[in-house]
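All values below come from the heavy atoms of this structure, side chains included, with hydrogens, waters and symmetry mates left out. Since the structure is predicted, the reported quantities are computational estimates derived from the model, not experimental observations.
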Amino acid sequence: MPGKHVHFSRRNTYHSPPTPALSSSNYSPASSSGPLTPPQHPSGRLPGPSPYAISFPPTSHHKHPMTIHVHPLLSSPAIISYDVTLPASTISTKHRQAATFSLSEPATNPPLRSMTVTSPHLPWSIKIYPSRHSVITVSDVLQGIYSALRTNLSASDFYALPTHKDQRRATAAYEARYRRMRGTRAYDEEKRGGLKRVDYLMDNTRFAGLTASHRGSESFTMHVTT
């Protein structure tokens, strides 16, 4: 491509802030003047009536498939605002409903110990596992998606894009990603990092929720939009 140089890096780079707190945009619940942060309970069980408090489903010998419900913070249509090119700490919301939930709650009901997330925009699947609790939380899913999409593209990944137009769009996504970085050091680091899997999404980087997949009880489809 004249005047264009596609950069690939062998080193995956991540921005790994502390566990994200759900911030509220244009809405502040009466019971709290700050961002919604998950309380810490040594028992691993969260207070309140939420059906997503950590618990384990009873063992069942029935052969019919288990119905898995996605946590409201992850459901589609999304009630959170999240650009998957950015760390999960940037999540915000304008929905009152979101203030009643915590990012430390299990991502599904009943809870799961492993999840597979796919997207029609990606040729790879994303594996999610618990980080702190014994089951996957909302935060685990969002952090897992972000980390997986920070994986570097190889040259073969790039040229596997079906058309030259798609290759140009992925390159433009990469350029937009590093150009919006504030500060020379952050700009240079992001640029040196090269193309990443998130650039396969092109303009579709807004998280639009998860839905259960027909591939199995632990499989989910990630929806994204512009």
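Considering only residues two or more places apart in sequence or on other chains, Tyr187 meets the ring-ring contact (aromatic ring centres under 6.0 Å, His included) condition with Tyr178. Applying the side-chain hydrogen bond (donor to acceptor under 3.5 Å, both in side chains) rule to Thr226 yields no partners; only residues at least two apart in sequence or on another chain are considered. The side-chain hydrogen bond (donor to acceptor under 3.5 Å, both in side chains) test applied to Arg206 returns Ser81, not counting sequence neighbours. For Thr163, the side chain to side chain contact (heavy atoms under 4.5 Å, CB included) criterion is met by Lys165, Asp166, not counting sequence neighbours. Under the salt bridge (charged side-chain N to carboxylate O under 4.0 Å, His left out) criterion, Arg180 pairs with Asp83, not counting sequence neighbours. Residues that satisfy the side-chain hydrogen bond (donor to acceptor under 3.5 Å, both in side chains) test with Ser213, not counting sequence neighbours, are absent from this structure. The salt bridge (charged side-chain N to carboxylate O under 4.0 Å, His left out) test applied to Asp203 returns Arg169, not counting sequence neighbours. For Asp199, the side-chain hydrogen bond (donor to acceptor under 3.5 Å, both in side chains) criterion is met by Arg177, not counting sequence neighbours.
Side chains of Thr205 and Val224 form no contact here, defined as non-hydrogen atoms less than 4.5 Å apart. Taking the side chain as every heavy atom from C-beta outward, Val117 and Ile128 approach each other to under 4.5 Å. Looking at heavy atoms from C-beta onward, Thr211 lies out of side-chain contact with Val70 at the 4.5 angstrom threshold. Side-chain contact between Ser102 and Val138 is absent, with no heavy atoms from C-beta onward closer than 4.5 Å. The shortest side-chain heavy-atom distance between Asp140 and Met115 does not fall under the 4.5 Å cut-off.
The backbone N or O of Pro110 lies less than 3.5 Å from a partner atom in the side chain of Thr108, making a donor-acceptor pair.
Evaluation of the ring pair (Phe, Tyr, Trp, His ring centres under 6.0 Å) test over residues 194-226, restricted to residues two or more places apart or in two chains, returns Trp124-Tyr200.
Between the side chains of Ser156 and Ser154, at least one donor-acceptor pair of N or O atoms lies under 3.5 Å.
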